[in-house]
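Keep in mind that this is a model prediction, so the values were computed, not measured. One-based numbering, in listed order, for ligands and for the atoms of each.
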Amino acid sequence: MKIADKNTKAVDLVKAALAKAEEYKDYNVFISMNAEAALAKAAEIDEKIAKGEEVGKLAGVPYALKDNYSSHDGNTTAAAHILDSYHSPITATAVAKIEAEGAIMIGRANLDAFAHGGSTENSYFGPTKNSADNTRVAGGSSGGSAVATALDIVEFALGSDTGGSIRQPASFNGIKPTYGAVSRYGVVAMASSTDTMGCFAKKAEDVDLVMGIMAGQDAKDSTTLPDYWTKSLDEVKPAKKKIGLIRDCFGDGIDPEVAKIVREYGDKLKAQGYEIEEFDMPILKYGLAIYYVVQPAEVASNLSRYDGVRYALRSKDVKGLDDVFVNSRNEGFMKENKRRIMIGNFVLSSGFYDAYYLKAQKARTLLINAYNEAFEKYDALLCPVAPTPAFKLGEKTSDPLTMYLEDAMTVPASMAGLPALSVPAGETEAGLPVGAQLIGRAQSDQLLLSIAKQIEDSEAK
Ligand code: GLN
């Protein structure tokens, strides 16, 4: 990562990033730019460097911020009309931490509204285009952050991952940390029991650097864990050097090219001395069903606060108090947000709670048990990130179920709170990037990154 110092001016780094953002405007990466404030911050850093004062570990490094993180710079829209005029009075802990180290936000990146989606097509501000083929989706929901990194506009970007939103759009390294590793304070809540804050960067080491700064306990988020992100990647060693390849993730519904490329990543691991063993995890076939009951239930609760009274948008078309709630929500949410609110309220309603929500939570426990069993044998698990390479814009928007199927391989680790990393595994014949997913036991995030780094290093030779 290029850090500002005596020879590299922060202002130049920021200017270059802003120029690239402008060059790639057609990709619709950003919802808003933060040029003026970014240049002012960069000038401050350069001044400090000139005076020989202490600057942080990310001094002058421009980054893109998924637009569901609060900060004083710009509106926090969550890509939804209901929040598009919302200026947050607070700064997310993760943002405060990286900015304290000198990182500079150049723009707020596009996403599926409220992070509901896997293609960035559910954004009120229009879809972000794929960096490898602009007729295809960027993936999502952190599509803007992913493409900002893929196009080298920035060297890292922040995202959030509730069920795959960092891993799925990343065609390079994107990490969803262990649940509780990074504070959720100040990030628009989606499903509180699986929301995690992570980042994208092209090198595993850069991901590690940023995550090491963001991680740690925060009094403002009671689910945060004591800081365990404390080692250097070279210090982290696998106990068994054994990786489990989840056979269930290579069968029906998986694009054969994706399956082949991910298996080839397994071969690269073998070449680095890892034993790769195929094993079955039959409970995984219920992962998607569990997620699409629990997650909408939490979404419905979290989104009840957007009522036209406390935040941003209030409908002008009101005759009474009920209209304020109903019309503001109706105008402000996207169709996908409404679908999840309805499903969520349904599965929580009396009469259906036992049949859906409770049952899903019980199945979730079985899923967690299955992972625990697997980690008795393996250091990490390997499977694809998504069943297909990036699909065409508009291809799946009319059928939510086909869209949800894209999440089949990312949501199980989310439901279990495990760290999972998307790594670049290769390209299809058509030149579309394909990611492999490494899943680890809780708090083994750095082990996953060290494995990715070993492969990176071996390929650089
Ligand atoms: N694609 C998944 C969904 O639509 C995951 C979203 C996320 O992680 N924010 O729910």
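- Within the structure, the closest approach of Met403 to ligand 1 does not fall below 4.0 Å when heavy atoms are considered.
- Each of the atoms 2 (C), 3 (C), 5 (C), 6 (C), 10 (O) of ligand 1 lies under 4.0 Å from some heavy atom of Tyr291.
- Per-residue contacts place Tyr292 under 4.0 angstrom from the following atoms of ligand 1 (heavy atoms of the residue considered): 2 (C), 3 (C), 4 (O), 10 (O).
- What sits closest to atom 4 (O) of ligand 1 on the protein, heavy atoms only, is Arg340 NH2, 2.8 Å.
- Between Tyr27 and Tyr24, the angle of the ring planes goes over 60°, which puts this pair in the perpendicular group of the 30/60° scheme.
- Listed by number with element, the atoms of ligand 1 under 4.0 angstrom from any heavy atom of Asp407 are 1 (N), 2 (C), 3 (C), 4 (O).
- Within the listing of ligand 1, atoms 7 (C), 8 (O), 9 (N) sit less than 4.0 angstrom from a heavy atom of Thr162.
- Distance from atom 7 (C) of ligand 1 to its nearest protein heavy atom, with residue and atom name: Ser165 OG, 2.4 Å.
- Ring-plane geometry between Tyr306 and Phe114 is classed as tilted, the angle between the planes lying from 30 to 60 degrees on a 0 to 90 degree scale.
- Without hydrogens or angle criteria, Thr120 side chain to Pro127 main chain gives no donor-acceptor distance under 3.5 Å.
- The list of salt bridge (charged side-chain N to carboxylate O under 4.0 Å, His left out) pairs with a residue in residues 143-154, not counting sequence neighbours, reads Asp152-Lys202.
- Those atoms of ligand 1 that come under 4.0 Å of a heavy atom in Ala115, given as number and element, are 6 (C), 7 (C), 9 (N).
- Sequence neighbours left out, the pairs with a member in residues 243-254 that pass side-chain hydrogen bond (donor to acceptor under 3.5 Å, both in side chains) are Arg247-Glu278, Arg247-Asp280.
- No option in Ser32, Ser71, Ser145 other than Ser71 meets the side-chain hydrogen bond (donor to acceptor under 3.5 Å, both in side chains) test with Arg108.
- Checked against a 3.5 angstrom limit, the closest N/O atoms of Gly140 and ligand 1 fall outside it.
- Side-chain contact, Lys338 with Asn330: a donor N or O sits under 3.5 Å from an acceptor N or O.
- Of all the atoms in ligand 1, the ones that sit under 4.0 Å from a non-hydrogen atom of Ser141 are 9 (N).
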